[in-house]
Amino acid sequence: MMKFYGVLVLTIIIAIGCFVSWTNSQNKLQGTSENEIWEAEYKNEKIGGSSIGWKVSVQQRNKEELTVKKLLFLEDDKKIFEQIKFQNGIDIDGTKYSLHPFSYPDLYFGDAPKDNVDYTIEIVWVDQSGNEHTDKIELKKRDIF
C-alpha cells in the first residue's frame with residue numbers, strides 16, 4: 001500500500017512539473033546563435049500574475065570579452081527596434097546590465113508576438129582581435145518534449 005502512495009505522489013509531482021513547464025514554454029520565444037555565443041528570449045513579463053507586456057533579453061553564453069556594437073529586433077525582417085549604446089549598471093528596478101559578459105535583460109518592451117510572424121535578433125559584435133561579426137538568432141517556441 002505504501003508503494004502505491006509513493007507512485008501516486010511521484011506521478012502527481014511529474015504531472016504538475018510538466019504542466020508548469022508547458023505553461024512557461026507557451027509564454028516565451030527563445031533562440032541561440034549558431035555559434036552558441038548568444039541567447040535571446042522574448043517572454044511575457046508578469047507582475048502578480050498579470051501580464052505587463054513582452055520583453056526581449058539578450059545574453060552572452062561564454063566569458064570572452066566581446067564588444068557589442070548593435071542589437072536589432074526584427075519582425076519578418078523589418079526592424080522594430082535598434083540599440084547601439086550599451087552600459088554597465090543597475091536600473092532603478094534592480095535590473096542589471098553588463099558589458100562583459102554581455103547581458104541586456106530588457107532590450108525591448110512591447111506587445112505579444114503575432115501568429116505566423118518570424119522574430120529575429122541580430123547582434124553585431126567585435127571579438128578580441130578587432131574582427132566584426134554579425135549573428136542572427138531566430139526566436140521560436142521551444143518544444144518541451
Side-chain angles (χ1 to χ4, degrees), residues 6-145:
V7 170
L8 181 63
V9 168
L10 183 61
T11 303
I12 291 171
I13 289 171
I14 290 172
I16 290 171
C18 289
F19 176 76
V20 168
S21 180
W22 178 80
T23 302
N24 287 336
S25 72
Q26 299 302 308
N27 289 320
K28 66 181 166 183
L29 304 175
Q30 302 174 281
T32 303
S33 61
E34 278 188 29
N35 58 17
E36 297 191 4
I37 293 175
W38 309 100
E39 64 185 4
E41 190 173 72
Y42 188 24
K43 73 176 186 174
N44 189 3
E45 194 68 21
K46 295 181 179 184
I47 293 180
S50 297
S51 176
I52 59 170
W54 285 68
K55 76 175 183 177
V56 174
S57 62
V58 175
Q59 278 200 248
Q60 183 180 341
R61 297 180 71 187
N62 64 22
K63 302 292 183 200
E64 287 183 56
E65 192 164 318
L66 308 175
T67 303
V68 175
K69 295 291 187 183
K70 180 175 20 175
L71 292 173
L72 294 168
F73 182 45
L74 307 167
E75 182 180 79
D76 276 343
D77 295 324
K78 178 185 169 207
K79 177 175 68 173
I80 58 174
F81 185 78
E82 176 179 1
Q83 176 113 11
I84 57 172
K85 293 184 180 180
F86 307 98
Q87 62 189 19
N88 281 315
I90 299 175
D91 205 348
I92 194 166
D93 65 358
T95 303
K96 295 178 184 177
Y97 300 90
S98 172
L99 298 178
H100 304 290
F102 188 83
S103 175
Y104 253 69
D106 59 359
L107 175 67
Y108 170 81
F109 208 48
D111 295 329
K114 299 171 188 167
D115 291 333
N116 302 317
V117 174
D118 293 324
Y119 290 94
T120 307
I121 300 290
E122 191 171 296
I123 304 164
V124 179
W125 58 281
V126 177
D127 63 23
Q128 293 173 337
S129 301
N131 299 318
E132 187 171 285
H133 306 270
T134 301
D135 288 329
K136 290 186 177 185
I137 302 173
E138 291 181 36
L139 301 175
K140 300 184 180 274
K141 285 187 179 179
R142 297 285 175 164
D143 294 327
I144 59 171
F145 298 107

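Numbering of residues begins at 1 and proceeds along the displayed sequence. Hydrogens, waters and symmetry mates are skipped; everything else that's a heavy atom, side chains included, is used.
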Glu34 atom CD: more than 12 heavy-atom contacts under 6.0 Å:
no
Donor-acceptor side-chain pairing of Asn131 and Ser129 below 3.5 angstrom
no
Is there a donor-acceptor contact under 3.5 Å from the side chain of Glu36 to the main chain of Trp38?
no
Is the shortest side-chain heavy-atom distance between Lys70 and Phe86 below 4.5 Å?
no
Count the heavy atoms belonging to other residues, nucleotides or ligands that lie under 6.0 Å from CG of Asp111, then report whether that count exceeds 12.
no
Keeping the roles fixed (side chain from Asp91, backbone from Gly94), state whether a donor-acceptor pair exists under 3.5 Å.
no
Could you tell me whether the side chain of Phe102 reaches within less than 4.5 Å of the side chain of Gln59, counting heavy atoms only?
no
Candidate list Tyr108, Tyr42, Trp54, test ring-ring contact (aromatic ring centres under 6.0 Å, His included), partner Tyr119, passing option
Tyr42
Do Glu39 and Ile137 come within less than 4.5 Å of each other through their side chains, counting heavy atoms only?
no
Residues, nucleotides or ligands: over 12 heavy atoms within 6.0 Å of Asn88 CG:
yes
Going by heavy atoms in the side chains, are Asp106 and Tyr97 under 4.5 Å from each other?
yes
Would you name the heavy atoms of Trp125 and Asp135 that are closest together and state the gap between them?
NE1-OD2, 2.9 Å
